[in-house]
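A note on names: the letters A, B, ... follow the listed sequences, proteins ahead of strands, and every chain is numbered from 1.
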Amino acid sequence: MTTVKITRSKSSLSRKMAVPGGRTVQDALDLAEKGLESHREAGMVKIASLLIQLEEATARRAEDSQGLIYVLAADLLDLAGFFETGPLYRATFSLCDIADRMQIDTVWDWPSVAVHVGAMRLIMADGCQSSATSEAVLQGLDAVRKRILAN
Amino acid sequence: MATASRPTDRVNLEHITVLLIDDNPQALDILSSVVQGFGVREQMRSTSALEATHILKRKPVDLILVDCAMPEMDGYDFVKWLRREMPSPANETPVIMLTGHAISARVAKSRDCGASFVVTKPLTPAVLLQRIQWLSKDTRAFVTCETYVGPDRHVRNLGPPPGTTGRRNGDLSAEVGEATEGNMDQWAIDDLMKPRRVAL
């Protein structure tokens, strides 16, 4: 027989946040946004560096680079997710999706990876701005992603 | 679920201690700045979940923000460790898991390992602050059993998606469309993580 214990207690987070004081939500958000913004430049440099590593790994097309593709793409996604990188974020998410699936299925398709990495370079060169071109590129990537996920 | 805060409402995070865990030092720096902006004065940072387990054994914290994907010990294993191996009340510490690649299977995995909330990127300070505020008003029970330790996971069964007909109340749509595994919407994640009372 399984024993289930159910408890209800107020967390220290609840107790401490209930203490009057602090700052307004608006001030808290403004200061947090300011803090976030102070990392943008360094963050974009790191994103560019990760993209170069992705390009190098894709160019090698070595079997032992397959796992690295997901790791690099996930790292890039983590950083891109802090800033307004719209189409770059979406392209990287798609790359994570296909790399994850291809690793699970143990069927690796380098051209699909290459088209994603190429698209990410194009989007980066365009300043990560949403445009008709980036939308068209993302639609193409989506078709690739759907084909791989449907397999 | 708590109502949204107004910009003029006050939020007090001055007295809480936050533990931030992310293997990416840059992401850790960014997160640290955001949390500092919220008014948190004491924060501990770790680039390894394993190291974080040692920190927690020495000092209790009020809130943990942890990245899902990490080498050695990932965020899921860390939360499982926290819930099962730490004594009460430290094992009930609220945990927000952060993820970039938020496919539904991973969100479900986060819920099942005992996370309090999952926040997906792109991450905005507004979403993160709101989740912290929600956690401060969290009334969920804490469940301890052989297969699960963590906040109550019971969710209301909403039945078939709107506009579709299931065979029984609670059935999903009979139409199986094209497989999609896009990033889950933050609201959908919150809905999945937030339990509601079930009428049995």
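When heavy atoms are compared at a cutoff of 4.5 Å, B/Glu92 approaches chain A solely by way of its side chain, counted from C-beta outward. Looking at B/Asn24, only its side chain comes within 4.5 Å of chain A, counting heavy atoms on both sides. Neither the backbone nor the side chain of B/Ala69 has a heavy atom closer than 4.5 Å to any heavy atom of chain A. With a threshold of 4.5 angstrom between heavy atoms, B/Ile132 approaches chain A through its backbone and through its side chain. Heavy atoms closer than 4.5 Å to chain A are found in the side chain of B/Pro94, but not in its backbone. B/Leu135 touches chain A through backbone and side chain together, each having a heavy atom under 4.5 Å away. For A/Phe82, the parts lying near chain B are the backbone and the side chain together; criterion is any non-hydrogen pair under 4.5 Å. Only the side chain of A/Ser11 comes within contact range of chain B, with at least one heavy atom under 4.5 Å from a heavy atom of that chain. For a residue to count as touching a neighbouring chain, one of its non-hydrogen atoms must lie under 4.5 Å from one of that chain's; by this rule B/Asp67 touches chain A with the side chain only. Interface residue A/Asp100: only side-chain heavy atoms are found under 4.5 Å from chain B. Neither the backbone nor the side chain of A/Ala73 comes within less than 4.5 Å of any heavy atom in chain B.
Hydrophobic clustering (side-chain heavy atoms under 4.5 Å, transitive across Ile, Leu, Val, Met, Phe, Trp, Tyr) keeps B/Met86 apart from B/Val143. Hydrophobic cluster membership differs between B/Met97 and B/Phe142, with clusters built from Ile, Leu, Val, Met, Phe, Trp and Tyr side chains linked at under 4.5 angstrom. In the hydrophobic cluster analysis, where Ile, Leu, Val, Met, Phe, Trp and Tyr join through side-chain heavy atoms closer than 4.5 angstrom, A/Val117 is grouped together with A/Leu138. Under the 4.5 Å side-chain contact rule for hydrophobic residues, B/Val118 and B/Val149 do not share a cluster. A/Val113 and A/Val71 end up in different hydrophobic clusters when Ile, Leu, Val, Met, Phe, Trp and Tyr side chains are linked at under 4.5 Å.
Remark: side-chain polar atoms of A/Arg23 are not paired, donor with acceptor, to backbone N or O of B/Glu14 under 3.5 angstrom. Remark: side-chain polar atoms of B/Asn12 are paired, donor with acceptor, to backbone N or O of A/Val19 under 3.5 angstrom. The closest donor-acceptor contact from the side chain of A/Ser14 to the backbone of B/Ser136 lies under 3.5 Å.
Between A/Leu31 and B/Gly37, the shortest heavy-atom distance links the atoms CB-O, 3.5 Å. The two residues A/Ala28 and B/Leu129 come nearest to each other via the heavy atoms CB-CD2, 4.1 Å. Heavy-atom minimum distance, B/Asp62 versus A/Ser12: OD1-OG, 2.5 Å. Here the closest non-hydrogen pair linking A/Asp97 and B/His101 is OD1-NE2, 2.6 Å. For the residue pair A/Ala32 and B/Phe38, the shortest heavy atom distance occurs at CB-CE2, 3.6 Å. B/Gln26 and A/Gly43 make their closest contact through NE2-N, 3.5 Å (heavy atoms, listed as atom of the first residue, atom of the second, distance).
Atom NZ of B/Lys57 sits in a crowded spot, with more than 12 heavy atoms from other residues, nucleotides or ligands closer than 6.0 Å. Sparse packing is recorded around CZ of A/Arg90, with 12 or fewer heavy atoms of other residues, nucleotides or ligands lying under 6.0 Å away. Other residues, nucleotides and ligands contribute at most 12 non-hydrogen atoms within 6.0 Å of the CD atom of A/Glu84.
Expressed to the nearest 0.5 Å, how far CG of B/Asp29 lies from NE2 of A/His39 amounts to 5.5 Å. Here the straight-line distance linking atom CG of B/Leu63 with atom NZ of A/Lys16 works out to 11.0 Å at 0.5 Å rounding. How far CG of B/Leu128 is from CG of A/Leu36: 10.5 Å, rounded to the nearest 0.5 Å. The CG atom of A/Leu13 sits 12.5 Å away from atom NE2 of B/His15, with the distance rounded to the nearest 0.5 Å. From B/Glu146, atom CD reaches atom OG1 of A/Thr3 across 8.5 Å, with rounding to the nearest 0.5 Å. Taken to the nearest 0.5 Å, the CD1 atom of B/Ile30 stands 10.0 Å off from the CZ atom of A/Arg40.
By the 4.5 Å heavy-atom criterion applied to side chains, A/Met17 and B/Ile16 are counted as neighbours.
When each of A/Gly22, A/Ala80, A/Ser9 is scored by its heavy-atom pairs under 4.5 Å with chain B, the top score falls to A/Gly22.
Residue A/Val25 is tested with B/Gln130, B/Gln133, B/Arg10 for a side-chain contact (heavy atoms from CB on, under 4.5 Å); the sole match is B/Gln133.
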